[in-house]
2 protein chains.
Amino acid sequence: MTDRRPLPRDMFEEVCPSRLVPFRFGDNKWSALVLRCLEDGPRRFSELRVPLHRVTPKVLTQSLRGLERAGLVSRTVRPGPAPRVEYALTPLGRGLLEPLAAACAWAAENWDEILDARERHP
Amino acid sequence: MTDRRPLPRDMFEEVCPSRLVPFRFGDNKWSALVLRCLEDGPRRFSELRVPLHRVTPKVLTQSLRGLERAGLVSRTVRPGPAPRVEYALTPLGRGLLEPLAAACAWAAENWDEILDARERHP
DNA sequence: CGGCATCCGAAGCGATACTG
DNA sequence: CAGTATCGCTTCGGATGCCG
């Protein structure tokens, strides 16, 4: 570890990808989970609320709007007597799912080690 | 997209990896960037502040403490007349860097598309 | 140099109630 | 059903000042 390249002057600039990723993942705390909920196909609004521990409609809406603005999720209103809205991954969103899954796989593999570390540090 | 497996009852349970990942990435908004700053080797406290846009010492400390508690970063005090503290990735932390890099690579590849989406949605 | 203590405004998010 | 509106608590994080 001797090739200590100098750090960039400004990693906060808009153009740095690592700025975007944590931001997208954490647009709000539910975003990543919402993406994974859409993994198997479109889901309705109230359908999403259940596995997300009864998240408040307001907060879920915020999350979905954020994902929509980012082009990761699409929103379609199906015609009918009762309102019926479905959310689905866009191709872009589906692409993000892969690195997200990689991160999750990492977490699963190192689960014990992570928990051990947290116990060791009081 | 016809195999709509039912969603799990509770994706919020402690044991779900996707809970941990957003949490780790977003422990605070700097965590991911700090990890990337340590990519090339150990760095001193004040050395980290520069590329992070002069982040406040308090906040940087919080971030580092969080990463330390998670076992991702180590903190070593080098003996000498003046205080000199170095932070470095642990093997565990280095492992996380890979999925993190994958996510960043995704962001870099789909940069234009993401920005386009944000512009289209007012 | 590498922090910690304090203050404070801003943002996050849950609960509740209401609406087309 | 799929949201919006309002409230209030909690957390985040920037600014400032002090310390060994």
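In what follows, chains carry the letters A, B, and so on, assigned in the order in which the sequence lines appear, proteins first and then strands, with residues in each chain numbered from 1.
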Quiz item: Is it true that B:L97 and B:L48 fall in one hydrophobic cluster, defined by side-chain heavy atoms closer than 4.5 Å?
Solution: yes
Quiz item: Do you reckon A:L64 sits in the same ILVMFWY cluster as A:V85, going by side-chain contacts under 4.5 Å, direct or chained?
Solution: yes
Any idea which of [options] is nearest the [X] side chain?
| X | options | answer |
| --- | --- | --- |
| A:R44 | C:dG3, C:dG14, D:dA2 | D:dA2 |
| B:P57 | C:dG3, D:dG14, C:dG20 | C:dG3 |
| A:V59 | D:dG13, D:dA2, C:dG14 | C:dG14 |
| A:K29 | C:dC13, C:dG2, D:dA2 | C:dC13 |
| B:K58 | C:dT16, C:dT6, C:dG3 | C:dT6 |

Which whole-number value in Å describes the distance from [X] [atom1] to [N] [atom2]?
| X | N | atom1 | atom2 | value |
| --- | --- | --- | --- | --- |
| A:W30 | C:dC13 | CH2 | C1' | 9 Å |
| A:L48 | D:dA2 | CG | P | 9 Å |
| B:L64 | C:dG3 | CG | C1' | 11 Å |
| A:H53 | C:dG14 | NE2 | C1' | 14 Å |
| A:N28 | C:dC13 | CG | C1' | 9 Å |
| A:Q62 | D:dG3 | CD | C1' | 12 Å |
| A:R43 | D:dA2 | CZ | C1' | 18 Å |
| B:L60 | C:dC1 | CG | P | 14 Å |

Exercise. Report yes if the side chains of A:P83 and A:R78 come closer than 4.5 Å at any heavy-atom pair, otherwise no.
Key: no
Quiz item: When all nucleic acid strands are considered with a 4.0 Å heavy-atom cut-off, which category describes A:R49: base, sugar-phosphate, or nothing?
Solution: nothing
Practice problem: Have a look at B:R78 and say if it touches a base, only the backbone sugar-phosphate, or nothing, with a 4.0 Å heavy-atom cut-off. | Solution: nothing
For a quick test of reading the model: is some side-chain N or O of [X] closer than 4.0 Å to OP1 or OP2 of [N]?
| X | N | value |
| --- | --- | --- |
| B:R75 | C:dG3 | yes |
| A:Y87 | D:dC1 | no |
| A:T56 | C:dC13 | no |

Exercise. Check side-chain hydrogen bond (donor to acceptor under 3.5 Å, both in side chains) between A:R84 and all other residues, then give those that pass, not counting sequence neighbours.
Key: none
Quiz prompt | Under-4.0 Å salt bridge between A:R43 and A:E86 | solution = no
Self-check item: Contact nearer the 5' end of DNA chain C, comparing A:P83 with B:A82
Solution: B:A82
